[in-house]
Structure formats: C-alpha cells, structure tokens
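Below is one structure, written out as structure tokens; the observations come after it.
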Number of protein chains: 2
Amino acid sequence: MGLAKTEMFTDQQNEIALFAKAFGHPARVAILQHLFKINSCVCGDLVNQIGLAQPTISQHLKELKHLGLIKGNVEGTSVCYCIDTKNWSTMKNVMLAFLDQDIQNTDCC
Amino acid sequence: MGLAKTEMFTDQQNEIALFAKAFGHPARVAILQHLFKINSCVCGDLVNQIGLAQPTISQHLKELKHLGLIKGNVEGTSVCYCIDTKNWSTMKNVMLAFLDQDIQNTDCC
DNA sequence: AATATTTATCGTAATATTGCAATGAATAAA
DNA sequence: TTTATTCATTGCAATATTACGATAAATATT
C-alpha cells in the first residue's frame, strides 16, 4: 500500500516520523549541511555541489521548505535558500526527546 | 526512479539518511518508544499495542533489527525484543552531530 | 504424535518516492 | 524587445515502501 496509517499514532509520533523522513535521503542531508556551512546558498550552487539535476534539487528544496526547515528569498533570477533556525531548533527538541529516551533505561536481553 | 544515488554522497550522509529512514514511519517510532517504556517486549504485545497486523509489525521489527537498533531473543514460541542500547548510543551520536549543526550558526535571510 | 501458539516469510496490491527531460515563469541584460 | 539566466512545475518511468492474507517454521502443550 505504501500508505502510513497515521490516524492510529499520536501526533508526537507522526511529527517525529515527518521530520525523520526529511532526513531520510542523503541529498536532503547534504543540502542542509551545505546551507549550514555556507550560511545561505542559491539553488544553482547546490546543483553544482551535489551531483543531481536541477529539477531534482528543486524538489528536495520544496520538501524541506514545506516542512519549515529552510526559507527561500528571491534575489533577481536566483533564489537564496537558508536554514530557518527557529524551526530547526523546534525540530531539534522534538528529535532530542525521542533520541534521549535511553537515558532512563537499561539493557534487558 | 525511487533509487537514491548513494554513491554521490559521503558515508556520513548516507548513514544519517539510513538512521533517519528508520524513524521515518510512525509505527517504528511507536515500536521503539514501547520497547523503551516496557524495557523488553514480545512481538505479540506490540501487535496489540499498535493497531497493525502481525506481519506488518514483524516487517518493521526486521528493519529495526537489521539496522542494529533492536535485538530479538527467542523465548519459547515468542520472541523478546529489546533496544540495543550500545548501538542506539552510536546512532544517537551520529544524529546529534547532524542536529547540532546550528550551534555554530546564525540566521541569514 | 496431534494440536495450539507465536513469529517469520511469501506473494501481492496500493501508494510513495526519486530522478530527470521538457517546459514554463520570472527577472536581468543586451 | 529580444535573449539569457535561473528556478519551478509538469509529466512520466523506475524503484521503494507499506500493509496484509495466506502459509510456513518453530516450539510448547496435550
């Protein structure tokens, strides 16, 4: 089916899954790392940096933007993308709460 | 195509994407949370807790096990699953390095 | 041995994701 | 205004993911 039954999970679980899915492709990981490194970047630079075609990069950028992790500002014919640090921070808290579950836990088997 | 071109990314980027993909479905998030909460759990309990069919849960468990995040011990006819805390810790470090990129960074646009 | 219980695997259908060529839209430069 | 340049969108093909019924495999119980 390929269709996640989101209605049977909590909002928190669905939110974690949505953020994680954004990081579930190396191209999007690379895009975010590059945006952090360069601290602002036009789409064309990303196409050069990463080896994927322009429509493919544009599609990945759209997903990240839709999730709120990045912002895009039009500058002439190009578009300057950058991290939305506020939303990144919110996302980070959600993911940390999930990843830090182990601190109150011990091995069993 | 649905085929990620892993060869054009770094090992670190591919590793982050693999771990993130594991968390990219709410059922697997729910499974991991339940394993942490109960601190050991048989497959049947997860089938009851989460509303998915037994083969579906079994498939999700297989993915998590393959990634090394959980272990399974056979106990009679049932299988006791639990978190592999050592590997979880390794994974957490990888993810934290990615999520913490923002600490040396400021907004731009 | 026969039966029940539990989990894994197989097969299959439905949907999602990835990637890119072609093309459109918008601004800049000539 | 014509021509570049840059990015978004559309359309499509290939592959991946999700879900589950049917069934196999393994152990426990009788």
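The structure presented is a predicted model; accordingly, all values stated were derived computationally and were not measured.
- Distance CG (A/N48) to C1' (D/dT5): 13 Å, rounded to an integer number of Å.
- The NE2 atom of B/H25 sits 11 Å away from the P atom of C/dA16 (whole-angstrom rounding).
- Dashed line: the shortest gap from a side-chain N or O of B/H60 to OP1 or OP2 of D/dA19 is under 4.0 Å.
- With hydrogens and angles ignored, a donor-acceptor pair under 3.5 angstrom links the side chain of A/Q54 to the base of D/dA8.
- Remark: C1' of C/dT7 and CG of B/L52 are 16 Å apart, rounded to the nearest angstrom.
- Atom CD1 in B/I50 sits roughly 13 Å away from atom P in C/dT7 (whole-Å rounding).
- Closest to the A/C43 side chain, of the nucleotides C/dC20, D/dA8, C/dT7, is D/dA8.
- We find that CD of A/Q59 is positioned 10 Å from P of C/dT17, with the value rounded to whole Å.
- In this structure, B/R28 places its CZ atom 12 Å from C1' of D/dA16, rounding to the nearest Å.
- Using a cut-off of 4.0 Å between Lys/Arg side-chain N and Asp/Glu carboxylate O, A/D100 and B/K92 are scored as salt-bridged.
- In this structure, B/D45 and B/I38 have side chains that are not in contact, with every pair of non-hydrogen atoms separated by 4.5 Å or more.
- Checking D/dC20, D/dT9, D/dT5 against the side-chain heavy atoms of A/S58 singles out D/dT9 as nearest.
- Considering only the side chain of B/T56, D/dC20 comes nearest among C/dC20, D/dC20, D/dT9.
- Here D/dT5 is the nucleotide among C/dC20, D/dC7, D/dT5 with the atom lying nearest to any side-chain atom of A/T77.
- Distance CD1 (B/I57) to P (C/dT9): 15 Å, rounded to an integer number of Å.
- Here B/V42 lies in heavy-atom contact (under 4.0 Å) with sugar-phosphate atoms only.
- No side-chain donor-acceptor contact under 3.5 Å links B/S78 to the backbone of B/V74.
- In this model, the phosphate group of C/dA8 is approached by a side-chain N or O of B/Y81 to a distance below 4.0 Å at OP1 or OP2.
- Across D/dA19, C/dT5, D/dT17, the shortest atom-to-atom separation from the side chain of B/K21 is found for D/dT17.
- Residue B/L61 is classed as having no contact, given no heavy-atom separation below 4.0 Å to the nucleic acid.
- Toward the 5' end of DNA chain C, the nearer of the two residues B/G44 and A/A53, judged by each one's closest nucleotide, is B/G44.
- At a threshold of 4.0 angstrom between heavy atoms, the contacts of B/S78 are confined to the sugar-phosphate backbone, with no base atom among them.
- Ring geometry, A/W88 versus A/F23: the interplanar angle falls from 30° to 60°, so the pair is classed tilted.
- Between the CD atom of A/E63 and the C1' atom of C/dG19 there is a distance of 12 Å, rounded to whole Å.
- Ring orientation note: the planes of A/H25 and A/H60 are tilted relative to one another, at an angle of 30° to 60°.
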